[in-house]
2 protein chains.
Amino acid sequence: MDRQERNAQFARALIELRSMVLGAAFGAGERLPETALAERLSLSRTPLRQAMDRLVDEGLLERVETGGCRVAQFKLSDIKDAIELRGVLEGTAARLAAERGMVPALATRLDEVLSELDTAVAGTLDFRSYQKFNAEFHDLLGRLAGSTILAKELERAGRLPAASPSSFLQGQEMIPDFRESLTRAQQQHRAMADAIRAREGARAEALAREHARLARANLEYVMRKEPALAERVPGLSLIAD
Amino acid sequence: MDRQERNAQFARALIELRSMVLGAAFGAGERLPETALAERLSLSRTPLRQAMDRLVDEGLLERVETGGCRVAQFKLSDIKDAIELRGVLEGTAARLAAERGMVPALATRLDEVLSELDTAVAGTLDFRSYQKFNAEFHDLLGRLAGSTILAKELERAGRLPAASPSSFLQGQEMIPDFRESLTRAQQQHRAMADAIRAREGARAEALAREHARLARANLEYVMRKEPALAERVPGLSLIAD
DNA sequence: TGACCGAAAACTGTATACAGAATAGCGTCG
DNA sequence: CGACGCTATTCTGTATACAGTTTTCGGTCA
């Protein structure tokens, strides 16, 4: 039965179920019936339940007292907190990298990524490229201090709804104000790297926190002026305010 | 079969397995055979596997490529990072509580707990009482800002090995230097509460971080001067350095 | 008409069965 | 005597069976 890789069914269940939840495939607070879902995904209840457990842990689902799970409800403040949390953790990663020195292998890659980002925002904006290298920048940042535990926790924080560094880079190239925002973000990227290199821990930390505030600004912008777009940002459909 | 509460088997599996792992019931990097373990705990593989998944997520176990799990190995630096992480998160909780104001209900309870801690360290040390109210103080701190997400993440961080605020309060009343450490800790508790009340966010954050450094100092003391005691602190048996 | 009660259906948590992969043990060959 | 390969056992991942609980729906009574 294991013709495929090690736990293919579970992996599939996790990915599909997560994207279903984020994509608002279920109504607000709706309970998820295991049997039906399992059939719908054409796998058995066992790996599906594994996936549900995981999503509960990630915060997307919540266990209901009487049994089973339902999709979690978020207030706008929860999303803001999640972004703040990511900022704090990235700030810590930046500070520790400054204090301890960067992991050499990652440091050289960081420079390359920064260059790529520069060219992505220079001249005509290469949105796809920016998207890709921005994600890598934040991934590198998390691992730059060489702390496995911090990197893991940062990865987890990025899975909270709309808290990932890439959350607001989903087909937003059409928003005119957005171009400038990306330029500012890249300036902050550079400043963070400079601070880390110069062993300026406090500055690096403050910059990372401020950088996360851009995401918060985007969140507020989208919620206020482009509610239609809120559909496209992964977790925003879960907001009930 | 569900004569007991909702998922009793899983809960039991989780608690017992975690305490087994923390208590060094398994050798370094040993693989955990599911069938044998299930029989040993007299439950089926299903809830046991759930518990294992959870412990993997907590970081106590790690999945091995070929299948199954083994107990994770930690370097001393990992434990230090876990403590630092808790400090950062508690610092954020303190700062946000200062900036936003404390949740009223929790604020009054905080005062009571601080009084209890005062009397616990005054005169002859009431270690058991200190232990209990210290745990509650840190729990309150995590929820003081009213952020569910932050509280959850803080709770998670406390489950990393030896990172909980109570980790180094396990029967250490016999160490002479320790008494003074508790007094200093309580002074820091008071200072944090003062800062939060006065809306001094930066000070509150800094104090919380410094407070966590006490745990780090305890860690280093135990590892260097009382290796015998390292057996008694929950996660320290997992350190391979 | 509306509320309460009871039976049936649906659903969850747990145990077990099953299939394929990994590992260990043993024999054989160099 | 040691290395290699084959087979048997063990173990994991997945599916399914089962028991008890929750929920729903229809009927009865006020």
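Between the CD atom of B/E65 and the P atom of D/dG13 there is a distance of 11 Å, given to the nearest Å. Computed from coordinates, the B/R70 CZ to D/dT12 P distance equals 14 Å when rounded to whole Å. Going from atom CZ of B/R12 over to atom P of C/dT14 covers 10 Å, rounded to whole Å. Atom CD in B/Q9 sits roughly 16 Å away from atom P in D/dA19 (whole-Å rounding). Distance, A/R63 CZ to C/dG13 C1': 11 Å, rounded to whole Å. Atom pair A/L32:CG and C/dT12:P shows a separation of 9 Å (rounding to whole Å applied). As a whole-Å value, the separation of A/R6 CZ from C/dA19 C1' is 12 Å. Atom CD in A/E30 sits roughly 15 Å away from atom P in D/dT23 (whole-Å rounding).
Take A/S77 and apply the side-chain contact (heavy atoms from CB on, under 4.5 Å) test, not counting sequence neighbours, and it matches A/K75. Partners of B/A212 according to the side-chain contact (heavy atoms from CB on, under 4.5 Å) rule, which considers only residues two or more places apart in sequence or in another chain, are B/I83. For B/E116, the salt bridge (charged side-chain N to carboxylate O under 4.0 Å, His left out) test picks out no residue, with sequence neighbours left out. Scored by the ring-ring contact (aromatic ring centres under 6.0 Å, His included) test, A/F137 finds A/H189 as partners (sequence neighbours excluded). Taking A/R213 as the reference, A/E84, A/E210, A/R216 meet the side-chain contact (heavy atoms from CB on, under 4.5 Å) condition, with sequence neighbours excluded. Residues that satisfy the side-chain contact (heavy atoms from CB on, under 4.5 Å) test with A/L76, not counting sequence neighbours, are A/K80, A/L219, A/M223, A/I239, A/D241.
Taking the charged nitrogens against the carboxylate oxygens, B/E58 and B/R156 have no contact shorter than 4.0 Å, which rules out a salt bridge. Of the charged side-chain nitrogens involved, none lies within less than 4.0 Å of a carboxylate oxygen, so that A/E155 and A/K152 do not count as a salt-bridged pair.
Mapped onto DNA chain D by nearest heavy atom, A/R31 and B/C69 fall at different nucleotides, with B/C69 at the one closer to the 5' end.
For the segment residues 34-62 of chain A, the set of residues with a heavy atom within less than 4.0 Å of an atom of DNA chain C comprises A/E34, A/T35, A/R45, A/R49, in numerical order. Within residues 17-28 of chain A, no residue is approached by DNA chain C to less than 4.0 Å at the level of any non-hydrogen atom.
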With a 3.5 Å cut-off and sequence neighbours excluded, list the donor-acceptor pairs that the side chains of residues 143-151 of chain B form with protein atoms.
from, atom 1, to, atom 2, distance (Å)
B/R143, NH1, B/D139, OD2, 2.5
B/S147, OG, A/D81, OD2, 2.8
B/S147, OG, B/L150, N, 3.1

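Listed candidates were C/dA15, D/dC11, D/dG13. Nearest to the side chain of B/P33 is D/dC11.
Taking side-chain N and O atoms only, A/T66 has no distance below 4.0 Å to OP1 or OP2 of D/dT21.
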